[in-house]
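For reference, the structure discussed in these notes is given below.
Basis for what follows: all heavy atoms, side chains included, without hydrogens, waters or symmetry-related copies.
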Amino acid sequence: MQETRNDDVLEIDLLELFGLLLHKLWLLILCMVLAGGIGFLISSFLLTPQYESTTGVYILSNSADSNTLSYSDTQLASQLTKDYEELITCRSVLETVIEECSLEDDYGQLLARVSVENAADTRIVYITVKDPSPIRAQEIADSIREIASEHIKEVTDVEAVNVVDTANLPENPSEPSVKKWTLLGAALGLVLCAAVIVVRYMLDDTIKSAEDVENYLGLSTLALIPLLQGESGEKKKKKKAGEKKHAGI
């Protein structure tokens with residue numbers, strides 16, 4: 001092992017470390033497969049699938065006639081969409097939705113499942129709802145759109161809030177992504193296994209060769225005794241002696 005310790009400084013041979021990881025490749029692959037399998041099982045059987053339903057509205061202000069809509073009016077309306085986003089997710093709107101849809105969520109829980117996005121340089125606002133049930137996600141999204149449209153017209157000076165898209169009925173869950181969880185688990189297993197191997201390598205200060213004696217103790221070796229071969233020969237002699245004794249020689 002090519003580690004040199006001088007004045008409490010540890011130098012690591014990266015080539016030897018790479019060789020160690022390559023030697024433990026089977027273990028790295030095993031950990032990667034096991035961790036990936038765990039990620040697959042968790043995402044497939046333990047996590048609750050979430051479905052997303054999206055609806056969109058187009059907000060038309062009173063300051064602009066539909067036939068004489070100027071560029072400045074469009075820019076102003078686009079800037080006001082930030083206000084509309086806040087109005088859509090305000091407490092009065094979501095609490096009304098909870099009551100109408102008979103939800104068990106409180107305001108904070110429903111707010112965490114609702115996202116509002118404004119298409120760039122437009123007055124179109126999209127409302128997306130997540131729910132374990134695709135049908136309920138669609139119902140909640142439509143309900144938020146209808147209640148928020150009335151609330152926006154009451155609070156702000158807008159002519160109309162028109163429907164761009166009704167809420168869709170999602171067919172496939174948006175999360176969890178089985179592929180993403182599997183790859184993430186495999187990557188995590190690989191990194192953790194490699195980290196354990198590297199840490200054990202760095203903490204292993206046992207002397208295994210003549211080079212280690214020179215590096216750790218600062219001494220030169222004069223000779224080497226083949227202990228493994230000697231032990232092996234001694235075992236063979238004992239085995240032969242036992243066989244002779246058993247044979248009565």
ask   = side-chain hydrogen bond (donor to acceptor under 3.5 Å, both in side chains) with Thr54: which residues, sequence neighbours excluded?
value = Thr128
inquiry  = Using the rule that Ile, Leu, Val, Met, Phe, Trp and Tyr join whenever any side-chain heavy atoms are under 4.5 Å apart, tell me whether Leu20 and Trp26 fall into a single cluster.
reply    = yes
inquiry  = So, taking the atom named CG in Leu87 and the one named CD1 in Ile59, what distance separates them when rounded to the nearest 0.5 Å?
reply    = 8.5 Å
inquiry  = Ignoring hydrogens, what is the shortest heavy-atom contact between Pro134 and Pro170? Give both atom names and the distance.
reply    = CB-O, 3.4 Å
ask   = Does any non-hydrogen side-chain atom of Ile88 lie less than 4.5 Å from one of Ile152?
value = yes
task = Evaluate side chain to side chain contact (heavy atoms under 4.5 Å, CB included) for Leu47 paired with Trp181, printing each intermediate quantity in order.
result = CA-CA 11 Å; Leu47 297 181; Trp181 273 78; 3.3 Å; yes
message = With a 4.5 Å cut-off on side-chain heavy-atom distances among I, L, V, M, F, W and Y, is there a chain of contacts connecting Val129 to Ile135?
response = no
message = To the nearest 0.5 Å, what is the distance between SG on Cys31 and CG on Leu190?
response = 8.5 Å
key: N/O donor-acceptor pair under 3.5 Å between Asn118 side chain and Ile124 backbone   = yes
query = How far apart are the closest heavy atoms of Ala141 and Thr55, and which atoms are they?
reply = O-CG2, 3.5 Å
message = Within a 6.0 Å radius of atom NZ on Lys24, are there more than 12 heavy atoms belonging to other residues, nucleotides or ligands?
response = no
Qualifying residues under side-chain hydrogen bond (donor to acceptor under 3.5 Å, both in side chains), relative to Gln109, sequence neighbours excluded = none
Side-chain ion pair, Glu139 and Arg136, N-O less than 4.0 Å = no
request  = Determine whether Asp83 and Thr156 make a side-chain contact, defined as any pair of heavy atoms from C-beta on separated by less than 4.5 Å.
outcome  = no
message = Looking at Ser174 and Gln50, would you say the former's side chain and the latter's main chain have a donor-acceptor pair under 3.5 Å?
response = yes
ask   = Can Val57 be reached from Val155 by stepping across I, L, V, M, F, W or Y side chains whose heavy atoms are under 4.5 Å apart?
value = yes
ask   = Roughly how far, to the nearest 0.5 Å, is the CG atom of Asp131 from the CD atom of Gln138?
value = 11.5 Å
ask   = Distance-only, no hydrogens or angles: does the Ser43 side chain make a donor-acceptor pair with backbone N or O of Phe40 under 3.5 Å?
value = yes
message = Restricting to non-hydrogen atoms, name the atom on Tyr107 and the atom on Ile98 that form the minimum distance, rounded to 0.1 Å.
response = N-CD1, 3.8 Å
ask   = Looking at Ala35 and Gly185, what are the two nearest heavy atoms and their distance?
value = CB-O, 2.9 Å
inquiry  = For a quick test of reading the model, state the closest non-hydrogen atom pair linking Val161 to Val158 and the distance between them.
reply    = CG2-CG2, 4.4 Å
message = Grouping I, L, V, M, F, W and Y whenever their side-chain heavy atoms are under 4.5 Å apart, do Ile147 and Leu111 come out in a common cluster?
response = yes
ask   = What's the verdict on side chain to side chain contact (heavy atoms under 4.5 Å, CB included) for Glu16 and Tyr201, showing C-alpha distance, side-chain angles and the deciding distance?
value = CA-CA 10 Å; Glu16 183 177 352; Tyr201 165 81; 3.9 Å; yes
query = Quick one: CZ on Arg91 to CG on Leu94, what's the gap to the nearest 0.5 Å?
reply = 9.0 Å
query = Got a second to check how far Ser115's OG is from Arg113's CZ, nearest 0.5 Å?
reply = 11.5 Å
ask   = Mind checking whether Leu41 and Met32 sit in one hydrophobic cluster, side chains of I, L, V, M, F, W, Y counted as touching below 4.5 Å?
value = no
task = Under the side chain to side chain contact (heavy atoms under 4.5 Å, CB included) rule, what do Ile140 and Val97 come out as? Steps first, then yes or no, please.
result = CA-CA 7 Å; Ile140 296 173; Val97 172; 4.2 Å; yes
query = Given the rule in the side chain to side chain contact (heavy atoms under 4.5 Å, CB included) test, do Ile197 and Leu28 qualify, once you have shown the distances and angles that lead to the verdict?
reply = CA-CA 9 Å; Ile197 293 175; Leu28 294 173; 4.0 Å; yes
ask   = Is there a side-chain contact between Asp142 and Arg145, using heavy atoms and a 4.5 Å cut-off?
value = yes
query = How many angstroms lie between atom CG of Leu110 and atom CD of Glu95, to the nearest 0.5 angstrom?
reply = 10.0 Å
